[in-house]
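Beneath this line is the structure, given in structure tokens, with notes to follow.
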Amino acid sequence: MSNPMPGARARPFLNPRSIAIVGASADENKIGGRPIRYLRLAGYAGPIYPINPKRDTIQGLKCYPSVTAVDGEVDLAIISVPAQEVLPAVEACVAKRVGGVLIFSSGFSEVDEAGRVLQERIVRLAREGGVALLGPNCAGTFNTRAGLLATFSSGILDKPPQAGAISLVSQSGAFGIHMLVLAGERDLGLSMCLTSGNQADVDVAEALAYMAQDPETEVIGVCVEGFPDFDRFLSAIELARRNRKPVIVLKLGRSEVGAKAVVSHTASIAGSDAIFDALLRQHRVCRAHSIEELLDIAYACSLRRHPLNDKLGILTVSGGIGILAADQASAAGLDVAELPAQPQAAIKALLPFAAAGNPVDVTAQITTDPPMIEPMFEHMLAGGYGSSIALFTYLPRNKALFDRMLPYFETVASRYPGHFFVMCVLADKEMRARLERIGYAVFDDPGRAIRAIRALVDFRESFEASAALRNAASLPEGKGIVERGAVYDEFQAKQLLARAGIPALPEECVACVDDAVAATARIGYPLVMKIVSPDIQHKSEIGGVLLGIEDAEQVRQGYATLMRRAAAAAPDARVTGILVARQVQGGVETILGVSRDPVYGPIVMFGLGGVLVEVLKDVTFRRAPISPDEARRMIREVKGYALLQGVRGAPAADQEALVDALVKLSVVAATEVDAIESMDVNPFVVLPAGNGAFALDALIETRHA
């Protein structure tokens, strides 16, 4: 049988043909009564079947004793009964061959072990019967164009959501309804919303995939705590990207405290937030850090204008606010490029005391001569900016004055349909709507506007990224090189890396002092000598590393010293021998790593070595495998990237050799995911351009056999 379309299992919850409410109540204020009232309020046109064996009618509708007693099709069944009654209710839905079961009830895996066991029984029953299940412990769904308002939340009151282009999906029910209510207060038009609760079956990813294919949805906001299937989430993200639909993700459980709360709330594993943040960058997904930011970006996206570039022009009546906006834009990575000389001269000719660089400060003088707005704006836009912010602060409070200014703003916006215009003002609801109609996004704070513009620029780049940029490294066929359960010392670990194409400097592992001296003839001086033992991971802490060995006598002395120190510090350790290796001169020390994340899968890490990784934790992550372009993005992300470019006369490092090593290590991470728990290549030294990069030490921790 062919696989269903991505997100198809979310369809009954977002566009049902008929609805039954199990546990229906005649009281419109009870959890079983509100869905019927809300469906009527929203204008749902399909059949509604109240299910309650104790009533003949509910809220004027014929009532049925069971779902199986309904004579028509039931596409969606909403279950609003105590937890112990959910299992028989789902059994009836399976017998009726219901399309989807939405469970409001709580008391399952989010509570205790008994609840988890009951939840698993319900899910198994639904899956065996071919019925999609949403929840339990969810707050429902809505679809403004389908007249669907399938929720018990008291946040709806007497007004359904305003129809529009923004869709929302939230694991947390109350959080999702909170966003819905806030969107209504901001007059944001919504398309649909789904809350997934415990995600026992249908999850955030499936809802996201459905919304990504919805023709009425322009932008999708996602609030998520954990991922039952992270690959499915990434597939939904990619589907949205291909359909040019921006996705904004708000991840709960960022802190250690928050991550613990996530487990108690929805029985989900939060995963490492640093890894999650990097994976969103890898897949060009926008991350919001507050509800306000998510709604700001969704609002900007819903206006259907994306800046053509990252250059920002600023027109202001206040020098101070203009400087603040310029500071915030620069911090966000936007290009606040200065205007060319010609338009600056034109602005000065119109208003000699104006600041004409960028920001363009037209001062309050503009209020006495509104027609000047049009040429001032036109000259500022000559800078080739993809977006602009007009900072007119509180002027809309003077309605008569601002009414005289509006026609000139409208003329400018009509001439630049591909430009993203922002009006940063304190405006009431009516004035905001008027500005939006003539082509301006409206914000009261320039910082919020700038974060939204940054997201729009990133979305455009994501939509236009070539397939080559997105593709990961290809994985080889055949058996892996790491044996699960095996124990590797440093020398063996570097040999495995060499087989994967990640080189080390010339070195030999020797078992006696004469072999050590003989090895020097093949390797050359200066040398490094190290203890080799699978039981001693941090050799330097016991004096197990000697540098600057220059002759045979120092080799002999060094061999004896290392063996003595190993015996004293770790008498039970297995000592394989002594490593004799060429000592590197110069270069930049970095760290490469591999880990197996329980949520996100095989992860590759990059950072700069020494204090930058130990104290500042200047590292970044990607899901393996990665492409060379993604490796370059990783390298540029670390704060110490300038060291690789060359500072204070130092030569630039061989970044392409580093890129090659990262890609090959990511292939190891992906192909050996069942064998490797973690791997450190530290330090991995990057020599000046053209001289390569080499593993100086390596540690492999394998999974238990």
Side-chain angles (χ1 to χ4, degrees), residues 6 169 171 196 198-199 203-209 222-241 247-256 258-263 265-289 462 470-473 475 480 482 484 591-607 617 619-627 629-631 633-634 637-638 662-663 665-681 700-703:
V169 54
Q171 188 174 347
S196 62
N198 288 6
Q199 302 196 108
D203 64 359
V204 163
E206 291 178 275
L208 173 57
V222 177
C223 172
V224 66
E225 301 169 25
F227 303 94
D229 187 330
F230 192 65
D231 284 329
R232 188 161 60 214
F233 178 73
L234 291 182
S235 295
I237 289 288
E238 177 59 18
L239 179 60
R241 192 205 62 78
V247 177
I248 310 147
V249 175
L250 178 60
K251 172 71 163 62
L252 307 183
R254 297 177 58 201
S255 65
E256 183 178 349
K260 290 178 181 177
V262 163
V263 174
H265 183 190
T266 60
S268 297
I269 300 174
S272 165
D273 188 72
I275 293 175
F276 179 73
D277 194 66
L279 298 192
L280 289 188
R281 291 195 302 274
Q282 181 176 355
H283 292 274
R284 278 72 168 175
V285 179
C286 174
R287 182 175 190 177
H289 293 90
S462 171
R470 297 189 305 274
N471 285 344
L475 295 179
V482 180
R484 185 167 177 164
I591 178 172
L592 314 184
V594 167
S595 63
R596 177 183 167 274
D597 190 275
V599 177
Y600 307 123
I603 301 298
V604 62
M605 180 192 76
F606 168 72
K617 301 189 188 311
V619 296
T620 189
F621 304 89
R622 289 296 188 275
R623 194 168 191 259
I626 60 173
S627 67
D629 286 305
E630 199 60 47
R633 291 183 73 215
M634 284 184 75
E637 280 178 8
V638 298
L662 269 172
V663 170
L665 188 67
S666 79
V667 171
V668 173
T671 55
E672 309 289 344
V673 65
D674 290 329
I676 294 178
E677 193 65 42
S678 67
M679 176 187 292
D680 284 339
V681 186
I700 297 177
E701 180 183 357
T702 63
R703 298 183 67 194

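Model, not experiment: these values are computed from the prediction.
- Counting heavy atoms from C-beta on, the side chains of Leu280 and Val249 come closer than 4.5 Å.
- Heavy-atom minimum distance, Val247 versus Val285: O-CG1, 3.8 Å.
- The distance from the CZ atom of Phe276 to the CG atom of Asp597 is 11.5 Å, given to the nearest 0.5 Å.
- Inter-residue side-chain proximity for Val668 and Ile676 is flagged as met; some heavy-atom pair is nearer than 4.5 Å.
- Here CZ of Phe621 is found 5.0 Å from CD1 of Ile275. Values are rounded to the nearest 0.5 Å.
- Listed here is the closest heavy atom pair of Tyr600 and Ser272: CE1-O, 3.6 Å.
- Residues that satisfy the side chain to side chain contact (heavy atoms under 4.5 Å, CB included) test with Arg596, not counting sequence neighbours, are Val673, Glu677, Arg703.
- Between the CD1 atom in Ile626 and the CE atom in Met634 there is a gap of 5.0 Å [rounded to 0.5 Å].
- Glu672 contributes atom CD, which lies 12.0 Å from atom CZ of Arg484 (distance to the nearest 0.5 angstrom).
- Within the 4.5 Å cutoff, no side-chain heavy atoms of Phe233 are placed close to those of His283.
- Contact record, Gln171 with Glu225: OE1-N, 2.8 Å, taken as the closest heavy-atom pair.
- Closest heavy-atom contact between Cys223 and Val204: O-CG2, 4.5 Å.
- Separating the CD1 atom in Ile591 from the CZ atom in Phe606 is a distance of 10.0 Å, to the nearest 0.5 Å.
- In this structure, the side chains of Asp231 and Arg623 come closer than 4.5 Å at one or more pairs of heavy atoms.
- A salt bridge links Arg281 with Asp277: at least one charged nitrogen is closer than 4.0 Å to a carboxylate oxygen.
- Looking only at side-chain heavy atoms (C-beta outward), Ser196 and Asp203 stay at 4.5 Å or farther from each other.
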*Can Leu592 and Leu662 be said to form a side chain to side chain contact (heavy atoms under 4.5 Å, CB included), step by step?*
CA-CA 7 Å; Leu592 314 184; Leu662 269 172; 4.0 Å; yes

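- A heavy-atom distance below 4.5 Å is found between the side chains of Ile237 and Leu208.
- Inter-residue side-chain proximity for Glu206 and Arg232 is flagged as met; some heavy-atom pair is nearer than 4.5 Å.
- Closest of all the heavy-atom pairs between Ser666 and Ala624 is O-CB, 3.2 Å.
- Taking each heavy atom of Val638 and Gly607 in turn, the nearest pair found is CG1-CA, 4.2 Å.
- A 4.5 Å side-chain heavy-atom check between Met679 and Leu665 finds at least one atom pair inside the cut-off.
- Distance CZ/Arg287 to CG/Leu250: 8.0 Å, rounded to 0.5 Å.
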